[in-house]
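Position 1 is the first residue of the sequence, and the numbers go up from there. What you see is a predicted model; the values in this text were computed from it and never measured. We count ligands from 1, going down the list as the structure has it; atoms in each ligand are counted the same way.
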Amino acid sequence: MPVKDPSSFANTSDIVTTHLHLNWNISFQERKIAGNVVLDLVALKDNVDKVVLDTSYLDIRAVYVNDAEAKFDIAERHAALGSALTIHLAQPVAKDTKLKVKVDYSTTDKCTAVQYLEPEQTLGKKHPYLFSQCQAIHARSFAPCQDTPGVKITYSADVTSPLRVLMSALHTGHDDAGNGLTTYHFQQKTTMPSYLIAIAAGNLVGKEIGPRSTVWCEPEMVDAAAWEFEDTEKFIATGEKLLTPYEWGRYDLLVLPPSFPYGGMENPCLTFVTPTLVNGDRSAVDVVAHEISHSWMGNLVTTANWEHFWLNEGWTVFTERKILRYLHGELERQFSSIIGWKALKESVKLFGPDSPATILKPDLSSGIDPDDYFSSIPYEKGFNLLYHIEKTVGGPDVFEPYMKSHVERFASKSITTEEWKAHLFEYMEKNHGQEVVDKLKTIDFDLWINGKGMPPVDPQFDTTLADQCYALAKRWDEARNSDDLSGFAPGDVEKFTATQKLVFLERLTDCEPFPHHLLAKMDELYKMTAIRNSDVRFRWQQLCVLASYKPIYPHVVAFITEQGRMKFVRPLYRLLYKAQDGAELARETFIKHKAFYHPIAASLIEKDIGLKQ
Ligand SMILES: *[C@@H]1O[C@H](CO)[C@@H](O)[C@H](O)[C@H]1NC(C)=O
Ligand SMILES: CC(=O)N[C@H]1CO[C@H](CO)[C@@H](O)[C@@H]1O
Ligand SMILES: [Zn+2]
């Protein structure tokens with residue numbers, strides 16, 4: 001029986017979904033999806049007299065149970081969680097009874113899962129586009145369902161659209177539906193949580209990049225994207241070596257339009273990625289290593305509810321850095337971990353070290369929107385806990401076989417932190433005996449899992465690859481008290497990789513805000529404003545806005561209105577809002593471009609700059 005999910009109304013302790021089928025008609029003109037969902041359910045106990053589903057801003061027309069029209073009611077909306085749809089069964093059913101529930105409905109203009117783009121917002125400018133993002137609790141706004149990661153389902157879909165449709169499933173064929181429409185058929189045979197249902201439709205073309213991988217995007221970008229992501233198969237093969245055979249058949253990538261709010265989303269068979277990764281230098285493909293790692297961590301072994309989200313993300317970051325280690329060595333893993341630590345420090349600072357949002361396993365029972373707690377904390381505090389365990393139990397030789405056992409033990413399940421920990425102890429005792437269990441017991445798990453603020457242990461990562469970046473940052477920090485800048489030259493950063501530039505800038509943002517003449521000099525010598533790598537561009541703009549350096553403001557406005565990745569736009573909006581003469585500019589920019597952003601991003605930015613509570 002699934003554990004209670006504070007972010008869902010579904011009565012999953014009574015009855016659970018096993019399969020979900022979507023019959024959808026897409027209308028770009030009306031900006032809606034209309035059709036029905038068919039749920040296969042099975043009762044877990046006797047005397048079940050209703051089915052409660054999650055919905056959000058849906059227009060529900062009729063409900064059928066085993067083909068007979070059924071009574072239903074829709075509860076008043078909960079601000080974050082949406083409206084419970086209660087379907088009354090004509091007769092109570094006994095344990096193990098199977099039911100087919102069909103709901104006729106359509107989405108509305110308030111749908112938070114789907115963003116519709118006008119042709120002008122796409123690369124080709126000729127066709128509209130739509131894409132979904134369901135994590136954490138938005139699947140309920142495009143289909144009534146038991147919207148909890150505690151329930152794992154297979155799914156299928158028949159989607160009729162004037163433009164090509166892709167989903168997080170295998171494409172099994174398509175038929176001409178007349179009037180210039182095509183019906184696309186999909187099937188996902190591996191069980192997965194509802195938040196991984198995903199769709200995109202638009203002028204999409206594919207280019208093969210590996211034996212099981214195709215890159216999809218608008219034709220204007222497909223060659224650049226195929227080149228950027230050429231290493232995809234290497235990452236998958238490394239994941240398989242480390243863990244278990246890849247289960248999902250295909251691993252395709254979809255490069256989204258610029259308003260996609262995340263770096264990537266691990267939708268099965270079809271990872272969604274931001275176009276900000278396509279830099280022409282393969283410098284940001286670690287996001288692909290991350291999304292591939294989700295094929296095991298998150299998609300196969302899934303969090304039971306959003307309080308244990310770190311089991312998805314902490315484990316995925318840990319696996320992603322293992323892939324880095326296999327391909328580029330331990331020093332690269334350490335370097336990447338240093339960058340993660342910095343992101344963690346910033347998140348803790350943003351929420352405040354005493355904020356409940358800094359807890360690895362936060363309490364969501366008050367009905368808070370899980371999106372409000374989204375940050376680096378589950379990713380990096382989670383990573384650091386696993387890294388600390390790895391060091392404590394004897395390093396990779398002991399830990400890597402355990403990772404595999406974790407996947408084998410929990411594949412196709414949804415688990416809690418407590419279940420994870422019990423298996424960890426069980427595994428170590430069985431394979432390494434009391435000595436290693438005693439080592440594990442030296443770890444203060446309660447403090448790691450339930451404590452606020454930074455992790456209780458400083459990881460002391462190896463700084464070999466960071467030292468040059470730190471040394472250069474130190475020279476600039478010291479130059480603030482000197483008139484002589486002749487010691488700096490373009491050659492200082494000539495041999496730096498994009499990541500080293502990033503770490504150099506990150507170090508500078510830890511210093512006091514810089515005097516403007518130093519920022520001007522740095523830009524003149526290192527051409528910082530012109531760098532296209534999005535992470536480096538972001539850090540440079542952050543450094544300048546922290547110092548209220550006004551020449552950067554127009555570049556910031558350009559960057560936050562040409563892409564909508566929350567990792568970049570949210571901190572820049574917040575900083576601009578606080579910077580000298582920046583508050584008006586931040587608000588004006590947002591109001592003018594609100595329609596550009598994905599609904600999830602827009603709602604959070606509004607909170608960031610005080611336009612909404
Ligand atoms: C989709 O639209 C067509 C044409 O209007 C209609 O016949 C069909 O029933 C619709 N499908 C669904 C699932 O609503
Ligand atoms: C999660 C869950 O099971 N919720 C509810 C489903 O309905 C029963 C009976 O009304 C409740 O007791 C559950 O709490
Ligand atoms: Zn992730």
Taking the Zn ion (ligand 3) as the vertex, measure the angle between atom OE2 in Glu313 and atom NE2 in His294; round to 10°. 80°
Atom 6 (C) of ligand 1: which protein heavy atom is closest, and how many Å away? Asn25 ND2, 4.1 Å
Using the six-membered ring wherever Trp is involved, compare the ring planes of His171 and Tyr184 and label them parallel, tilted or perpendicular (cut-offs 30° and 60°). tilted
Would you mind listing which atoms of ligand 1 come within a distance below 4.0 Å of any non-hydrogen atom of Asn23? 13 (C)
Which heavy atom of the protein is the closest neighbour of atom 14 (O) of ligand 1, given with residue, atom name and distance? Gly35 CA, 3.6 Å
Evaluate side-chain contact (heavy atoms from CB on, under 4.5 Å) for Tyr64 paired with Val103, printing each intermediate quantity in order. CA-CA 6 Å; Tyr64 303 84; Val103 183; over 6 Å; no
Mark whether atom 9 (O) of ligand 1 lies under 4.0 angstrom from at least one protein heavy atom. no
Row check, Tyr105 ring normal vs Arg61 NZ/CZ: under 6.0 Å, within 45°: no
Just to verify, what does Lys607 make a salt bridge (charged side-chain N to carboxylate O under 4.0 Å, His left out) with, not counting sequence neighbours? Asp372
Does NZ or CZ of Lys421 lie under 6.0 Å from the centre of the six-membered ring of Phe445, at an angle within 45° of the ring axis? yes
Verify the contact flag for atom 2 (O) of ligand 1, where contact means a protein heavy atom under 4.0 Å away. yes
Could you point out which residue of Glu330, Glu390, Glu380 forms a salt bridge (Lys or Arg N to Asp or Glu O under 4.0 Å) with Arg321? Glu380
Any N, O or S atom of Glu266 closer than 2.8 Å to the Zn ion (ligand 3): no
